[in-house]
Amino acid sequence: MHCDITIQTAPFDLGAEEAALRVHAGDAGALVAFQGMVRGHDAAIPLTALFLEHYPGVTEAEIRRIAGDAAARWPLTAVRVIHRVGSLAPGEGIVLVLVASGHRAAAFEAAAFLMDYLKTEAPFWKREHFADGSQRWVDAKASDGDAAARWA
Amino acid sequence: MHCDITIQTAPFDLGAEEAALRVHAGDAGALVAFQGMVRGHDAAIPLTALFLEHYPGVTEAEIRRIAGDAAARWPLTAVRVIHRVGSLAPGEGIVLVLVASGHRAAAFEAAAFLMDYLKTEAPFWKREHFADGSQRWVDAKASDGDAAARWA
Amino acid sequence: MSSIRILYFGRLKDAVGHADETLDWAGGTTGQLLAQLRGRGEAWAGALAEGQVFRLVVNQQIVRGDADIPPGAEVGILPPVTGG
Amino acid sequence: MSSIRILYFGRLKDAVGHADETLDWAGGTTGQLLAQLRGRGEAWAGALAEGQVFRLVVNQQIVRGDADIPPGAEVGILPPVTGG
């Protein structure tokens with residue numbers, strides 16, 4: 001299985017990543033993409049920016065490990081994960097997961113599995129910056145832990 | 001909910017469709033895309049082309065109806081479906097489903113639901129053309145009916 | 001005299017030998033239409049056997065059960081679908 | 001004398017007041033390290049309370065349970081994660 005993991009500050013482009021992945025996806029009939037975007041109006045005060053940090057080296061290795069777990073579980077031909085760090089504006093993409101497989105159910109499930117992992121286990125931390133100048137580290141959500149528990 | 005359904009002979013572009021959808025997706029934090037491609041080596045003899053036909057008017061209306069069902073079931077902000085008809089070469093995209101939502105589980109489930117519908121209920125028929133000159137109408141798969149039954 | 005227009009799709013087109021036809025029709029149901037077409041002989045009975053017909057469409061609406069076909073209607077006969 | 005390097009992430013950086021530190025370390029486990037840091041006072045005990053520490057990383061490897069920290073190690077202390 002082809003597997004490409006990147007943590008970057010730069011924006012990503014779904015169309016370009018899809019084209020790049022298909023070079024490695026072989027005769028896969030199914031491609032599932034998940035793109036997460038910064039929400040500007042989730043809290044009472046509008047968000048002006050989201051700041052993300054990670055643990056360089058460790059975060060990349062952990063995502064690569066979990067992508068290997070996914071490949072052992074579903075018949076995947078290619079996986080691409082991009083996670084952004086640094087300062088992001090509302091509407092910008094935070095995370096992109098692309099999965100190619102010969103089977104659509106496998107592609108859907110593996111993409112959901114990787115996203116649940118990225119939400120609940122991957123070493124990333126978000127800080128919200130609000131229009132009134134305040135900021136806070138985001139609390140981990142119990143619902144994300146529940147989602148990840150589906151795969152245990 | 002924004003809903004855009006197209007049946008077309010022309011190729012589609014995931015990146016362009018994602019950009020167009022995001023104009024209508026509001027403050028959605030999650031976007032799931034499914035792209036189906038023509039497989040060239042599913043059978044004993046290599047495939048040279050896939051020919052698809054539909055029931056003009058009826059097929060579009062049925063997909064629009066099922067997208068409405070999905071929007072009643074999950075909190076979606078935008079849905080885009082493109083299904084190609086006519087003659088397609090191996091590797092070409094056949095079907096594109098894009099779903100935007102505030103919640104990633106909703107986006108994943110609605111995209112899988114729409115794909116199951118497109119595979120088992122939407123009026124499309126595929127004919128395979130093989131390298132030895134033979135051709136045949138594709139048989140409906142029992143596994144696709146099982147997938148759709150999940151949502152009943 | 002009243003008639004209906006019948007459209008065949010996918011493998012049904014090949015099985016019955018044409019994509020569409022116009023049939024004299026004074027009124028009746030989808031069940032009566034299928035029985036009449038199957039009565040044309042073994043080839044038709046086989047082509048339109050239970051597992052070969054997935055849906056019937058009357059005037060662009062998918063119908064369930066034994067639905068009315070008014071004179072002048074367009075009737076689509078759909079084999080099992082294979083989209084996506 | 002041997003030491004370890006400790007890295008704090010996310011809200012733990014703010015809670016303990018710095019992103020990293022070097023600590024004298026003759027050897028011991030992750031449990032002993034956490035106990036020692038919590039012993040620095042109420043602010044540290046609160047910052048590093050059970051629910052505030054999600055994972056420990058020793059030399060770039062996530063560890064479970066009470067893992068050994070060799071002298072010279074890099075130790076990451078990770079609060080609950082909020083990626084995606």
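Both backbone and side-chain heavy atoms feed into the values below; hydrogens, waters and symmetry mates do not. Per chain, numbering begins at 1; letters A, B, ... match sequence-line order.
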Point to revise | Side chain proximity check, D/R11 to A/R127, heavy atoms < 4.5 angstrom | key: no
Practice item. Mind checking the CD-CG spacing from A/Q135 to D/D14? Nearest 0.5 Å is all I need. Key: 7.5 Å
Check your understanding: A/T59 versus chain D, heavy atoms under 4.5 Å apart: side chain, backbone, both or neither?
Key -> neither
Point to revise | Heavy-atom pairs under 4.5 Å with chain D, option from A/V58, A/L52, A/L118, A/V95 with the top count | key: A/V58
Study note, to complete from the structure: Only residue of D/V57, D/V81, D/I62 satisfying side chain to side chain contact (heavy atoms under 4.5 Å, CB included) with A/Y55 is D/V57
Review point. So what's closer than 4.5 Å to chain D heavy atoms on A/E62: side chain, backbone, both or neither?
Key: side chain
Check your understanding: Is chain D contacted by the side chain of A/D139, its backbone, both, or neither, given a heavy-atom distance below 4.5 Å?
Key -> both
Point to revise | Check: D/G83 main-chain N/O paired with A/H83 side-chain donor or acceptor under 3.5 Å | key: no
Check your understanding: Does the A/E53 side chain pair with the main chain of D/F9, one donor and one acceptor, at a distance under 3.5 Å?
Key -> no
Exercise for review: Report yes if the side chains of A/W125 and D/L78 come closer than 4.5 Å at any heavy-atom pair, otherwise no.
Suggested key: yes
